[in-house]
Amino acid sequence: MSNTAASAVEPKRASAPAARGPATSAPVNAALSRDAKIALFRTMLRIRRFEERSLRAYQAKKIGGFLHLYIGQEAVAVGCCSLMGKHDHVITAYRDHGHAIAVGMELNPLMAELYGKSTGCSKGKGGSMHYFAPDKNYWGGHGIVGGQIPLGAGLAYGLKYKGLKGAAMAFMGDGAVNQGAVHEAYNLAALWSLPVIFVIENNGYSMGTSQARSSAGELAKRAEGYGMEHGVIDGHDLYEVRAGMDKFLRAAREESKPAVVEIRTYRYRGHSVADPDNTYRSKVEIEEYRRTKDPIQVFQNTLLVEGVLTDALIEQIDAEARAEAETAAEFAEVSPYPTPEDIQSDVYWEADNPSQRKSHGRLFFD
Amino acid sequence: MPIFTYREAIRHALAEELTRDPNVVVMGEEVAQFNGAYKVTEGLLEKFGPQRIVDTPISEAGFIGMGLGASMLGVRPVMELMFWSFYSVAFDQILNNAANVRYMSGGQINCPIVIRGPANGGTNVGATHSHTTENVLAHHPGVKVVVPSTPADAKGLLKSAIRDNDPVMFLENTMLYGLEGEVPEGEHLVPLGLADVKREGTDLTIVTYGRCVHHSLAAASILEKEHGISVEIVDLRSIRPLDIDTVLASVAKTNRVLIVEEQKPFASVGSQLAYMIQREAFDELDGPIHRLCTVDAPAIYSPPVETEQLPNPRRVLEAALRAVAGSE
């Protein structure tokens, strides 16, 4: 295991500070039970161990295509998704594993999807970039930068149209902010007061181009042009993410107010696993983030200070997360691939529901 | 049977479905207060209110994508594109999101959306506003594509499209909005994927759809009177799903085929049809399949010349004579 040197759960190496800002005592965090805090820590760790295991599977050529790892950004998805109520919805881009686990998807079907197996969450038809769980209000997993953002506005439109008190969180990377579709969605959300939070997960790089080289001005501040609320949150601290997002989510749910929120975070891995990551940033920079800002380590230290976690409990949770990821890989390994016959199912609702089909004629061609 | 225009028939379909299903909303540029750029939605705002009839900014990628997102939650948006030509700025939403979300989610998510508007040339608006997009849309599995030619078909197909659980691209024609025709009273549904023989004949099958149906009907009556040629006209009505069986039955009867379409020739709907007809009815053919398309160039502005760039009754007549003679 090449990645253990910077493992988040080795207390001896932990130099990241514990959280001690005002977010710690924010009501949304103060209300957390001991078990709830442990569950948040566990979810972050499960994401990391899942992704580390998927990286090994990728290196062993078990996984095709791209693998965009979320490692380093875990507090963002876990913090945001932990605030979801019954009518809150999530949509994101292709770096979507963290959100999937944060909304409660099981690791087995997620890993099997990476392996292209029929037991995958999308039956092996979507792949890494296209995880969906509508039963958990998770609407993907989208491959085109910024293309999911109008859909996020549409989820909010649907909530408002149906008179439901909920909010949509539409996640994007910092590279998406310059796409036209994003600005069109901003305008619609502000114009019609849609309950949507546009969450920019700013990891500093749109693929290999730094923010300074790709985006003019301040990212969240662009909301001002649309008369929208905006804010910046430290994404390395789970409490900060929860406290910051809670405010915007409440305004969305209760007053149907949209907002643009930039959450500052960092990814340790390349844009995708195929990115050699040696042209646009230094190893020193990456190590500095790992050493001082790792979101799992920050939260771990916070919970150690709070007396919620102990070294023994950390070890136990970590062992369970590793075992769960390993089990997922074994599940994926032994699962069957879809068959060539499966290629043409799940294209049209009507084709998949022939007894209810009303149209005539050929839907498929050869 | 009452007579209505094509425009009124579409409006009636919208009104009936808005009344039937509270999840149906009509959205687009100028659809509400302005009463529709082509007056298709005239009076709907007054009747159904601003929650159901919604003016959007000029922002096709934004509002088409927004409609798709809402459709995932069970809203049934009917989105108007002022011209289908503007689909290019919403292309990613239509072809990556509408067409693919069901598939990429392993069948977990439907997008019951209708995108409608005119897609035609002939109005001297030049190359940017005259695209006929049915071939490009139909190229993408996951979407359905409908092109009605008559008021009755427009009404019946639109009602079916709105009830469909898959995304349906509904292509109208500004040159047909004023066309009058009989529309059955009461609940009138035309299923997608069912072609209609608009004229029976024995010597030549013209396979066509949209406005070209009317050019073909005009040509057919001259062919009958002046040349003694009996033409059968198959109106596809729906491009995907495609009723190839009705086409093949007609080919078996006439043994000669002319495809007429307002499409550029390369990779057109007619290209697909020609492939399928030769593949499935080779032995029925007495000669090569002929095709009449738009002349292969961007849409010209010059009004009298645009008429010659597009299929028209004279061009159909000449193409039909060539097809029957088996000559080029």
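As a basis for the values below, the full set of heavy atoms in this structure was taken, side chains included, without hydrogen atoms, waters or symmetry mates. All values reported here derive from a predicted model rather than from experimental measurement. The sequence lines fix the lettering, A, B, ..., with proteins before strands; numbering per chain opens at 1.
The part of A:Leu191 that comes within reach of chain B is its side chain, from C-beta onward, which places non-hydrogen atoms under 4.5 angstrom from that chain. Heavy-atom distances place both the backbone and the side chain of A:Leu363 under 4.5 Å from chain B. Of the two parts of B:Leu242, the backbone and the side chain both hold a non-hydrogen atom closer than 4.5 Å to a non-hydrogen atom of chain A. Using a 4.5 Å cut-off between heavy atoms, A:Ile343 touches chain B through backbone and side chain atoms alike. The parts of B:Phe63 that come within reach of chain A are both its backbone and its side chain, each placing non-hydrogen atoms under 4.5 angstrom from that chain. The contact between B:Pro22 and chain A is made entirely by backbone atoms, counting heavy-atom distances below 4.5 Å. Neither the backbone nor the side chain of A:Asn137 comes within less than 4.5 Å of any heavy atom in chain B. Neither the backbone nor the side chain of B:Thr246 comes within contact range of chain A; no heavy atom of the residue lies under 4.5 Å from a heavy atom of that chain. Contact of A:Phe364 with chain B is made through backbone and side chain together, with heavy-atom distances under 4.5 Å. When heavy atoms are compared at a cutoff of 4.5 Å, B:Ser160 does not approach chain A at all. Of the two parts of A:His142, only the side chain, counted from C-beta on, holds a non-hydrogen atom closer than 4.5 Å to a non-hydrogen atom of chain B. Using a 4.5 Å cut-off between heavy atoms, B:Gln272 touches chain A through its side chain atoms alone. With a threshold of 4.5 angstrom between heavy atoms, B:Gln108 approaches chain A through its backbone and through its side chain. The part of A:Ala133 that comes within reach of chain B is its backbone (N, CA, C, O), which places non-hydrogen atoms under 4.5 angstrom from that chain. Residue A:Lys162 touches chain B through its side chain alone, counting heavy-atom pairs closer than 4.5 Å.
Nearest heavy-atom pair, B:Asn23 versus A:Tyr161, reported as atom, atom and distance to 0.1 Å: CA-CE2, 4.2 Å. Here the closest non-hydrogen pair linking A:Glu184 and B:Glu60 is OE1-N, 3.6 Å. Nearest heavy atom pair, residue A:Trp192 against residue B:Val54, reads CZ2-CG1, 3.7 Å.
Put simply, the residue from B:Asn100, B:Asn97, B:Asp92 that forms a side chain to side chain contact (heavy atoms under 4.5 Å, CB included) with A:Ile144 is B:Asp92.
Salt bridge present: A:Arg362 and B:Glu280 bring a charged side-chain N and a carboxylate O closer than 4.0 Å. With respect to B:Arg279 and A:Asp366, no salt bridge is recorded, no charged nitrogen being found less than 4.0 Å from a carboxylate O.
Counting heavy-atom pairs closer than 4.5 Å to chain B, the top residue among A:Phe365, A:Tyr348, A:Tyr157, A:Tyr131 is A:Tyr348. Chain A forms more heavy-atom pairs under 4.5 Å with one residue of B:Leu68, B:Ile109, B:Asp243 than with any other, namely B:Ile109. Among the candidates B:Asp245, B:Leu194, B:Val75, the residue making the largest number of heavy-atom pairs closer than 4.5 Å to chain A is B:Leu194.
Considering only heavy atoms from C-beta on, B:Met66 stays 4.5 Å or farther from A:Leu151 through its side chain. Residues A:Ser359 and B:Pro241 form a side-chain contact, since some pair of their non-hydrogen atoms from C-beta on lies under 4.5 Å apart.
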Run the side chain to side chain contact (heavy atoms under 4.5 Å, CB included) check on B:Asp164 and A:Lys358 step by step: do they pass?
CA-CA 8 Å; B:Asp164 204 289; A:Lys358 295 210 167 63; over 6 Å; no

